[in-house]
Amino acid sequence: MSNNGQSVKQIELPATITIRDLAKVIDASPIDIIKKLMANGVMANINQQIDFDTAAIVASEMGYEATLEADKTEKKEDFGEIPLWRRIIMQEDPAQLVRRPPVVTILGHVDHGKTTLLDAIRHTNVAEGEAGGITQHIGAYQVEHNGRLITFLDTPGHAAFTAMRARGAQGADLVVLVVAADDGVMPQTKEAAAHAKAAHVPILVAINKIDKPNADIGRVKQQLAEIGLVPDDWDGDTIVVPISAKQKKGLDDLLEAILLIADNMEIHANPKGKVIGTVIEAKIDRAKGVLATLLVQNGTLEVGDVVLAGVAYGRIKAMFDFTGKKVRKAPPSTPVSVMGLNDVPQAGEMFEVVESERDARNIVMERMQTSKQAETAAKKAVTLEQLFDRFKSGDVRELRLIVKADVQGSLEPIVNSLKELSKGEIAVNILHAETGNISENDVMLASASGAVIIGFNVQADVAARHMAESEGISIRLYDIIYRLTEDVEKALKGMLEPEEKEKILGHAEVRAIFRISKVGNVAGCYVRDGEIRRNARIRVVRNGEVIGEGAVSSLKHLTEDVREIKQGFECGIAVKGFDAFQVGDILECFVLEKAQPSKDVF
C-alpha cells in the first residue's frame, strides 16, 4: 500500500490523544494537523484531545495507517492514580525487584494518641543501648518486628499527608488510623479517613485508650462502619486492632497486622535501580546548614550522590539514620537525614539522583523558567461546567465531590440523592460528607483529589475562599436541595449552564459608625485595597468570619454620592439589610459574573 508513492507506516494510537502527542507520533507539525482538522470541519487547539477515529483519519492523510491500542484507556486511568515513584518502580526489571519494608503513616483526631503511639513503638523496638542515642528527630524512623523492618513517617497529621499527595508524592504504603476508645470517631477522624481513601492507601484502624474505664470498643466499631470502615470481625475488610499506647498493650498485634497487610501488597523496589524518593521534611541548622529528611523509595542513596529536589540540589556530604548515626548508604524504604543541599526543599517534593551538579543546575533553570507557566496552567480540579466535555475527551471518568451541609438531617438526603445519580456513564464519588461550614481542610482535600465542593445552607470561611481561588477549586453553594441535585445531574449530562462566579473588587476597614435617620447605621471606612463600587455587593467579615452580606445601598465620599472609591480614600458605606457594623469589621466588595468555562480544559 502506498500514499503518493510513499509506503504507509503502521502506528498504534490510544482511544484518545492530544494533537501535541499525535504530532510527535507521526513526526509532523501540530499546525499541519490543526489545518487538516479544520479542513474536515474540526476546530481544535494543540492541547485538545481527539478520539481515535479522528486521529486515524489525520494520520491516514499523512501516510500512516493507525490501529487502536488495546486497553489503553483503562490503563491510562489507572496510571493517573499512581505516584511517580511507583511508576518508576513499575518500569524496573522485575528480576531486580526485592521486597522492601512497608512505609506507614499514622493519622487521627487530635488527642487520640498518635504521638504517644509513635513514641511507644519507637522505644519498644529500639535496643536498650540505643534508646538514649536518639539524638535527633528526623520525622521518620524504622522499627523491627519478627526480623522485618517497618518504616514509620512521623507526620504532624492529615494536613501534611495531603500536602504530600497534592504534589503527587504520597509516600505511605498504608495508613494507621488512630481512634480513641472513649471518644470515638470525630471530625478529624473522618477527614483523615477521607484523605487516605482519596489516596487509594489501605487503612488499618488502631482503637487506642482501651485501658480507660469509659472505653467502648463496640460503639467505635459501629461508628467506623458508618464511615465505610467495616471491621474485619464484622465481615468487613478493615483490620481493627485494640491497643493502649500508654500501657504499651497490643503493639505487637498492631505491628503483626501491618506486616499482614504488607504481605498482601506488592511492596517492592530495585536497590540497584534509579534513585528516587520523597522529601519528608527540611530545615536550616545553624551548624550543619540545610538538613533534609529523605525517604528512599527506589534505588540506593549514597554519600557523594548529587540529589535534586524541586529547585534545591547538591552533593550529599554526610548522611544520618534516625538514631543520628552516620551511614554511607540508604536502601529502599530507608529514611535518612542528609547534608549538602544548597536550599531547603519543600516537604512532599520528589527527589532524584542526577549525574552531576551541572546537570542539576540545568534542570533547575528549566524548572524555574517554566514555573510561571505552571502557576497559570489549568488546575486539575474539574468544574461542573467542564465535566461532560472532559469526560468526552477521556480526561475524567468520575465526578468527585466533597459535600458540606448545615445539619445531619439535610446531609443524609443530599448524599443519598447524589448516589442515585451515580448510575450513568460518569460515576459520582463522594470523598467526604460532613456538617459545618466549608474550611481550608475541605479545600485542601479537593485540591489533592481534584474534587468539587458542594455546600448546602453553609458558607465558606474567608481563608477557605481565598485558598479555593488560588488553587482553582470550584465551590458551589445552594439553599434548595433539588437545585443542588439538578445541577449535578445536568453536569453529568453536559447540560449545565455557566455558574455565576464572584470577583473580589476590594476591601475596606470600618473605622467609625454614623447613625442616619431613615437609613440606619452607615460605616465610615478606609479602602485598604482595590476599590468599592456602588453596583456591587458587600460581605461583612468580623474576626475572620462572615457575619452579613448585602447590596451596597449608599456610597459617599464626604457628602457626595459616588459610583466608586479607590484604595487609600475614605468613604461612607450603607449595606442593604445589614447595619450592625462594628469598628474593625472588614467589608469585602464583590460582584457576580457569569463564568464561562475554559475552552482549553484538556
Side-chain angles (χ1 to χ4, degrees), residues 104-125 143 145 150 152-161 172 174-197 201-258 260-261 404-412 415 432-437 439 441-442 445:
V104 181
T105 296
I106 296 184
L107 304 177
H109 190 74
V110 65
D111 294 332
H112 276 202
K114 299 191 301 289
T115 304
T116 310
L117 175 57
L118 281 161
D119 288 342
I121 292 172
R122 177 166 60 232
H123 288 94
T124 299
N125 285 270
V143 300
H145 183 72
I150 302 171
F152 285 90
L153 299 184
D154 189 358
T155 59
H158 65 265
F161 180 82
L174 66 99
V175 164
V176 172
L177 185 62
V178 179
V179 187
D182 60 335
D183 223 3
V185 171
M186 300 294 281
Q188 274 186 298
T189 318
K190 294 178 182 178
E191 286 179 7
H195 285 277
K197 285 177 182 175
V201 177
I203 300 173
L204 165 64
V205 177
I207 300 181
N208 193 22
K209 304 187 181 182
I210 58 170
D211 53 294
K212 290 223 170 181
N214 56 340
D216 190 343
I217 294 175
R219 180 175 69 94
V220 175
K221 287 184 177 181
Q222 179 61 48
Q223 292 174 335
L224 289 168
E226 287 170 3
I227 63 169
L229 299 175
V230 183
D232 53 340
D233 57 351
W234 286 20
D235 294 328
D237 53 10
T238 303
I239 295 179
V240 176
V241 182
I243 64 165
S244 169
K246 192 176 180 181
Q247 296 183 354
K248 298 185 178 178
K249 288 181 180 175
L251 299 187
D252 283 347
D253 292 339
L254 180 63
L255 297 175
E256 196 65 48
I258 289 170
L260 181 65
I261 294 174
K404 300 298 288 281
D406 53 346
V407 292
Q408 197 67 32
S410 302
L411 187 65
E412 289 176 6
V415 169
H432 183 50
E434 186 61 89
T435 56
N437 282 337
S439 67
N441 283 335
D442 298 315
L445 176 55

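Remember, predicted model here, so these are calculated numbers, not experimental data.
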With a cut-off of 3.5 Å and sequence neighbours excluded, list every side-chain donor-acceptor pair involving residues 206-215.
from, atom 1, to, atom 2, distance (Å)
N208, OD1, A245, N, 3.0
N208, ND2, H112, O, 3.1
K209, NZ, D111, O, 2.7
D211, OD1, S244, OG, 2.8

task = Keeping the roles fixed (side chain from Q223, backbone from G184), state whether a donor-acceptor pair exists under 3.5 Å.
result = no
Verify the distance criterion only: is there a donor paired with an acceptor across the side chains of D119 and T116 at less than 3.5 Å?
-> no
Here the gap from N441 atom CG to E434 atom CD, rounded to the nearest 0.5 Å, amounts to 11.5 Å
What one should report as the nearest heavy-atom pair of V220 and A181 is CG2-O, 3.8 Å
Are side-chain heavy atoms of V201 and T105 found at a separation under 4.5 Å?
no
Residues at least two apart in sequence or cross-chain that pass side chain to side chain contact (heavy atoms under 4.5 Å, CB included) with E412, listed by chain then number, are Q408
In this structure, CG of L260 is separated from CG of L255 (nearest 0.5 Å) by 12.5 Å
When rounded to the nearest 0.5 Å, the distance separating CG of D442 from NZ of K404 is 3.5 Å
One should read off an interatomic distance between I258 CD1 and I150 CD1, to the nearest 0.5 angstrom, of 5.0 Å
In this structure, CD of Q222 is separated from CG of L224 (nearest 0.5 Å) by 9.5 Å
Nearest heavy-atom approach of I203 to A193 is CD1-O, 3.9 Å
With a cut-off of 3.5 Å and sequence neighbours excluded, list every side-chain donor-acceptor pair involving residues 226-243.
from, atom 1, to, atom 2, distance (Å)
D233, OD2, K221, NZ, 2.5

| task | Please report the C-alpha distance between L117 and L254 in whole Å, then the side-chain angles of each, then the deciding distance to 0.1 Å, and finally whether the side chain to side chain contact (heavy atoms under 4.5 Å, CB included) criterion is met. | result | CA-CA 11 Å; L117 175 57; L254 180 63; 4.0 Å; yes
